[in-house]
2 protein chains.
Amino acid sequence: MNIGDVSRISGLPAKTIRYYEDIGLIRPLRGENGYRSFQDKDLHKLAFLGRARALGFTIEDCRNLLALYEDDGRESAAVKHIAEDHLARIDEKIAQLRSMRATLAELVNACAGDHRPDCPILNDLGHGDRPASDQLKKPAGNCSH
Amino acid sequence: MNIGDVSRISGLPAKTIRYYEDIGLIRPLRGENGYRSFQDKDLHKLAFLGRARALGFTIEDCRNLLALYEDDGRESAAVKHIAEDHLARIDEKIAQLRSMRATLAELVNACAGDHRPDCPILNDLGHGDRPASDQLKKPAGNCSH
DNA sequence: CCTTGACCTTCCAGTCACTGGAACGACTAT
DNA sequence: ATAGTCGTTCCAGTGACTGGAAGGTCAAGG
């Protein structure tokens with residue numbers, strides 16, 4: 001199986017699959033022509049990775065989860081620990097976004113959005129009448145790659 | 001005013017302030033010694049940027065908002081448009097995270113988390129019994145820089 | 001005058017998880 | 001032989017910083 005087939009089946013871009021090999025998540029064999037030759041095992045792993053990534057696990061999480069997946073002597077506590085950590089990070093992010101959303105919605109609501117220059121949104125950002133920015137620690141959240 | 005003072009006042013790291021100059025968001029004067037010399041105007045702009053970033057606006061949004069802020073002839077509709085777009089992006093992200101959260105919480109809940117190897121989390125990721133990964137389009141969401 | 005230490009400068013590299021593109025080789029069908 | 005599709009590698013870019021190295025500047029104290 002060549003990378004194109006695997007890409008179609010798994011839904012992962014070929015680039016991503018090559019990247020996963022680069023960072024050691026999979027180790028497909030090579031044919032005489034130098035092409036990667038994927039086995040069912042690799043396909044399975046890629047599906048695993050796709051699902052884990054879709055749940056927002058980092059690549060490092062995925063690496064650890066994959067190792068646990070292949071370790072028959074694992075303790076489910078280890079897996080649960082990773083998942084719980086991730087759940088907490090997700091909750092944090094949701095809270096952050098909701099706080100942003102609340103402030104922003106208020107401002108948008110207060111703005112006439114017409115041809116005149118008066119704008120409560122700019123007023124807020126400029127003068128900071130309302131406490132629009134309580135926590136500058138983690139302003140992140142806008143990663144639309 | 002040197003960069004250190006401005007950093008303390010605005011709460012933005014000096015590195016970030018230099019970066020903002022690099023990408024043309026601010027244009028502080030320079031003293032004879034080569035040090036940046038910040039005026040009230042710069043301080044004001046940085047505060048604006050800090051608040052806009054805290055609300056999750058991208059740097060490009062910030063650039064546009066700043067331009068509108070300084071344009072007396074602006075139409076508030078333009079500002080509102082940027083803010084509404086951003087609000088929509090936030091809502092999308094929240095929805096994505098909530099969907100992840102729901103699936104993940106279910107799995108975590110089903111996992112004993114003990115010394116035994118059986119683990120519903122790994123079962124799901126491995127075999128995909130449950131549809132844990134409906135949308136692979138935007139798996140992102142984990143940008144904890 | 002010299003040193004210490006805090007401050008400032010620039011520039012380069014790294015982050016995360018890819019993604020785009022160039023330049024080239026391999027295979028398939030006509 | 002040729003065209004077109006697939007595969008390969010390698011390099012660079014994304015967003016918004018952040019860390020660190022190597023060096024210049026300044027004020028205070030001895």
Side-chain angles (χ1 to χ4, degrees), chain A residues 1-26 28-38 46 49-66 86 89 93 96 136-145, chain B residues 1-26 28-38 46 49-66 86 89 93 96 136-145:
Chain A
M1 246 188 180
N2 287 346
I3 201 169
D5 311 311
V6 175
S7 172
R8 271 182 290 280
I9 294 173
S10 69
L12 297 170
K15 279 265 182 195
T16 300
I17 297 171
R18 289 195 197 97
Y19 172 68
Y20 285 172
E21 184 188 13
D22 247 35
I23 62 173
L25 288 179
I26 51 169
L29 300 175
R30 295 290 178 132
E32 289 184 2
N33 51 13
Y35 286 17
R36 287 167 186 82
S37 170
F38 294 85
L46 286 170
L49 288 169
R51 278 187 285 267
R53 291 289 299 127
L55 286 178
F57 284 105
T58 65
I59 288 287
E60 276 326 291
D61 281 345
C62 289
R63 197 190 298 281
N64 294 326
L65 288 172
L66 213 44
H86 181 42
R89 277 176 297 178
K93 241 170 255 168
Q96 226 171 66
L136 291 235
K137 280 89 190 291
K138 277 226 146 195
N142 46 299
C143 303
S144 321
H145 304 312
Chain B
M1 243 188 182
N2 286 346
I3 201 168
D5 310 311
V6 175
S7 171
R8 271 181 291 280
I9 294 172
S10 69
L12 297 169
K15 281 263 181 196
T16 299
I17 297 170
R18 288 195 197 99
Y19 172 68
Y20 286 172
E21 185 189 13
D22 247 35
I23 61 174
L25 288 178
I26 52 169
L29 301 172
R30 294 291 178 133
E32 291 182 2
N33 50 13
Y35 287 18
R36 289 168 185 81
S37 170
F38 295 85
L46 286 169
L49 288 169
R51 278 187 286 266
R53 291 287 303 127
L55 286 178
F57 284 104
T58 65
I59 289 287
E60 277 326 291
D61 282 344
C62 289
R63 195 189 299 280
N64 295 325
L65 289 171
L66 212 44
H86 180 42
R89 277 176 296 177
K93 241 170 255 165
Q96 225 172 67
L136 291 235
K137 281 91 191 288
K138 278 226 146 197
N142 46 299
C143 305
S144 319
H145 304 313

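FYI, side chains are in, hydrogens and waters are out, and symmetry mates aren't considered; it's all heavy atoms of this structure. Chain letters run A, B, ... following the sequence lines, proteins first, then strands; residues in each count from 1.
Look at CG on A:Asn2: it is 19 Å from P on C:dG25, rounded to the nearest Å. Atoms CG (A:Leu49) and P (C:dA17) sit 12 Å apart, rounded to a whole Å. Atom CG in B:Asp5 sits about 15 Å away from atom P in D:dC26, given to the nearest Å. In this structure, B:Leu12 atom CG and D:dT18 atom C1' are separated by 14 Å, rounded to whole Å. Protein atom CG of A:Asp61 is 13 Å distant from nucleotide atom C1' of C:dA17, rounded to whole Å. Going from atom NZ of A:Lys93 over to atom P of C:dC16 covers 13 Å, rounded to whole Å.
Residues of residues 15-25 of chain B that place a heavy atom closer than 4.0 Å to DNA chain D, in numerical order, are B:Lys15, B:Thr16, B:Tyr19, B:Tyr20.
B:Asn33 has no side-chain polar atom (N or O) that falls below the 4.0 Å cut-off from OP1 or OP2 of C:dC8. Here A:Arg36 reaches the OP1 or OP2 of D:dT8: one of its side-chain N or O atoms lies under 4.0 Å away. For the pair B:Arg30 and C:dT10, the criterion of a side-chain N or O lying under 4.0 Å from OP1 or OP2 is met.
Under the 3.5 Å distance criterion, the side-chain polar atoms of A:Arg53 are left unmatched by any main-chain donor or acceptor of A:Cys62.
Atom-to-atom distance recorded for A:Leu65:CG and A:Glu60:CD is 11.0 Å, nearest 0.5 angstrom.
Checking B:Asn64, B:Leu49, B:Leu25 one by one against B:Ile59, the side chain to side chain contact (heavy atoms under 4.5 Å, CB included) holds for a single residue, B:Leu25.
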